[in-house]
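Below: the structure, in structure tokens.
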Amino acid sequence: MSDENLYALLQSQFPRDRRRPCLILPDGRAWSYHDVERASGRIANLLVALGLSPGDRVAVQVEKTPEALVLYLACLRAGMVFLPLNPAYQRHELAYFLADARPGLFVCRPQLLALADELAASAGVAHVLVLDDLGRGSLIDAAAAQRDSFAGVARAGDDLACILYTSGTTGRSKGAMLSHRNLAANARVLCAYWHFGPDDVLLHMLPIFHVHGLFVASHCVLMSGSAMLFEPKFDVGRALLLLPKATVFMGVPTYYARLIKEPGFGRDCCAAMRLFVCGSAPLLKETFDEFRARTGHTILERYGMTEGGMFASNPYDGERRSGSVGFPLPGTELRIVDDEGRPVAIEAVGRIEVRGENVFVGYWRMPEKTAEEFTSDQWFKTGDLGSRDHEGYISIAGRSKDLIITGGLNVYPKEIEEIIDAMPGVAESAVIGLPDPDYGEAVTAVVVRRQDAQGERPSAAGIIGELKVRLANFKVPKRVVFATGLPRNAMGKVQKNLLRQRYLET
Ligand code: AMP
């Protein structure tokens with residue numbers, strides 16, 4: 001068997017001089033590549049010493065620290081399956097994840113130890129160790145007694161590297177199984193497509209329990225032997241301070257929206273930058289345009305998901321378009337089909353399906369769900385709606401479950417949101433469908449007014465009147481409600497399920 005262990009691939013790209021920095025911490029101290037190798041070697045030895053075998057899961061619910069990232073690498077090296085969990089998850093969610101994934105080890109924050117012990121005992125998890133937000137705890141203490149060197153465990157391409165539970169808003173959360181080959185394929189492509197090189201410095205402010213921060217950002221750095229300014233979270237003040245030392249930034253739309261609100265943010269701050277990448281949720285045109293005007297940089301928007309990493313990206317050298325996620329990445333096939341699986345016409349909205357080495361293996365212990373989400377010829381149904389224009393640029397129209405069917409006609413919320421967002425005095429909007437005895441669903445717009453708006457405040461009647469001129473009548477919201485903000489998850493996605501609940505009750 002040839003070894004397809006992802007860590008071996010990453011390590012083969014580490015700089016020859018292992019003293020070069022890999023992680024630069026908020027206080028300026030650095031972890032060199034040598035440090036990363038030794039620390040992950042110690043933890044890999046510890047995992048083996050605890051009696052874990054390749055294929056065993058290691059569930060991890062900790063804050064973002066260098067040690068947490070190194071724990072991920074240690075799992076790869078030892079052939080264990082890394083299972084990161086959002087620190088926001090509470091008792092009943094944790095109980096579900098532990099019972100479902102049955103890890104051999106659970107690494108938690110010290111304040112949760114009593115709960116973790118209790119849940120681990122009932123789920124049959126043999127070991128619980130602690131890692132705090134300063135990178136200390138029983139995990140590190142136990143690893144300190146281990147040797148630095150570790151002979152990597154060979155893995156086949158299909159062997160699992162990670163399980164990431166999707167933030168599913170309906171039904172049970174699903175564990176997406178990602179293999180060493182899935183992750184390696186995407187890491188190789190992104191590193192080349194976005195021109196990563198050894199002199200890059202990535203400003204890393206994303207969480208590492210999610211595909212964006214853990215795979216997209218970290219793998220690009222490790223695959224190019226470059227360095228990252230490794231910050232615990234996004235903080236706009238820190239971003240202003242650190243961007244002059246960076247060459248690449250990756251963020252969700254909310255980060256960009258916050259940056260452009262800062263009076264001190266502009267060209268000077270971005271003088272050393274070569275690339276700004278955005279994704280995980282749609283980027284508003286207004287943010288895209290304002291960012292370009294302020295910095296001279298054009299944000300590169302890309303599209304992907306937990307179940308396969310990145311599928312599409314705007315070009316590095318060609319035109320990066322607002323409202324588009326660009327072209328399918330090399331190695332990813334992407335098609336847009338109707339409900340019967342037939343390709344739709346150019347510009348028509350349909351269901352996005354993908355196929356490629358990066359596309360995940362299936363959902364953990366859910367063979368029926370997995371079978372449902374793949375076509376007979378192995379295309380994965382992303383659940384996203386989108387269209388392709390004459391030049392091949394792809395645009396995302398939203399999740400298919402957010403599609404509104406009113407009086408038997410399809411309404412794509414994005415089309416209406418874009419028009420409302422461009423109206424004076426509007427900060428942002430979300431269009432949802434609410435049950436209606438007459439229409440099945442009634443189009444409803446939730447609108448956030450701008451705080452700083454000069455002049456007239458938009459009114460419900462004004463918005464509806466304007467939309468009537470621009471759209472077919474069935475698309476015009478029956479109701480416009482105002483809110484002070486839109487509920488978003490950690491990756492900046494608007495939680496339409498919460499909005500539907502909220503306005504159902506009013
Ligand atoms: P996650 O698995 O949490 O990364 O969520 C993936 C979902 O986020 C995708 O299926 C899309 O619905 C959405 N998404 C990711 N990138 C974009 C983007 N650039 N524009 C619009 N939606 C996006």
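In what follows, every heavy atom counts, from backbone to side chain, and hydrogens, waters and symmetry copies are set aside. Just so you know, ligand 1 is whichever comes first in the structure, and atom 1 is the first atom listed for that ligand.
Of all the heavy atoms of His210, the ones lying under 4.0 Å from any atom of ligand 1 belong exclusively to the side chain. The parts of Pro282 lying near ligand 1 are both backbone and side chain, judged by heavy-atom distances below 4.0 Å. If you look at Ala281 next to ligand 1, the close heavy atoms, those under 4.0 Å, all belong to the backbone. At a heavy-atom cutoff of 4.0 Å, ligand 1 is contacted by no atom of His212, backbone or side chain.
Atoms of ligand 1 lying under 4.0 Å from any heavy atom of Met305, numbered from 1 in the order shown and given with element: 2 (O), 4 (O), 6 (C), 10 (O). Set against the non-hydrogen atoms of Thr306, the atoms of ligand 1 under 4.0 Å away are 1 (P), 2 (O), 3 (O), 4 (O). Interface atoms of ligand 1 facing Arg302, defined by a heavy-atom separation under 4.0 Å, are 16 (N), 18 (C), 19 (N). Atom numbering of ligand 1 starts at 1 in the shown order; those under 4.0 Å from a heavy atom of Val325 are 19 (N). In the vicinity of Arg399, heavy-atom distances shorter than 4.0 Å reach the ligand 1 atoms 10 (O), 12 (O). Those atoms of ligand 1 that come under 4.0 Å of a heavy atom in Lys493, given as number and element, are 1 (P), 3 (O), 4 (O), 5 (O), 6 (C), 7 (C), 8 (O).
For the salt bridge (charged side-chain N to carboxylate O under 4.0 Å, His left out) test with Asp100, the passing option among Arg57, Arg365, Lys174 is Arg365; the others fail.
Using a 4.0 Å cut-off between a side-chain N of Lys or Arg and a carboxylate O of Asp or Glu, Lys496 and Glu417 qualify as a salt bridge. Salt bridge present: Arg321 and Asp389 bring a charged side-chain N and a carboxylate O closer than 4.0 Å. Ion pairing between a basic and an acidic side chain is recognised when a charged N comes within 4.0 Å of a carboxylate O; Glu357 and Arg188 show no such pairing. A salt bridge is absent between Arg351 and Glu353: the closest approach of a Lys/Arg side-chain nitrogen to an acidic carboxylate oxygen does not fall below 4.0 angstrom.
Relative to the six-membered ring of Tyr316, Arg320 meets both conditions, a distance below 6.0 Å and an angle of at most 45° to the axis. For the pair Arg294 and Phe265, the cation does not sit on the ring face, since its NZ or CZ is not both under 6.0 Å from the ring centre and inside 45° of the axis.
Each ring-ring contact (aromatic ring centres under 6.0 Å, His included) pair with one or both residues in residues 343-363, not counting sequence neighbours, appears once here: Phe360-Tyr363, Phe360-Phe374, Phe360-Phe380. Residue pairs meeting the ring-ring contact (aromatic ring centres under 6.0 Å, His included) criterion with at least one member in residues 381-418, sequence neighbours excluded: Phe327-Tyr393.
Phe249 and Tyr256 have perpendicular rings, their planes meeting at more than 60° on a 0 to 90° scale where under 30° would count as parallel.
Across Ser280, Ser400, Pro253, heavy-atom proximity to atom 14 (N) of ligand 1 is greatest for Ser280.
Within the structure, ligand 1 has Asp384 among the residues with a heavy atom less than 4.0 angstrom away. Using a non-hydrogen distance threshold of 4.0 Å, Val211 registers as a contact of ligand 1. The closest approach between Gly304 and ligand 1 falls below 4.0 Å for a heavy atom of the residue. Ligand 1 has at least one atom lying under 4.0 Å from a heavy atom of Glu301.
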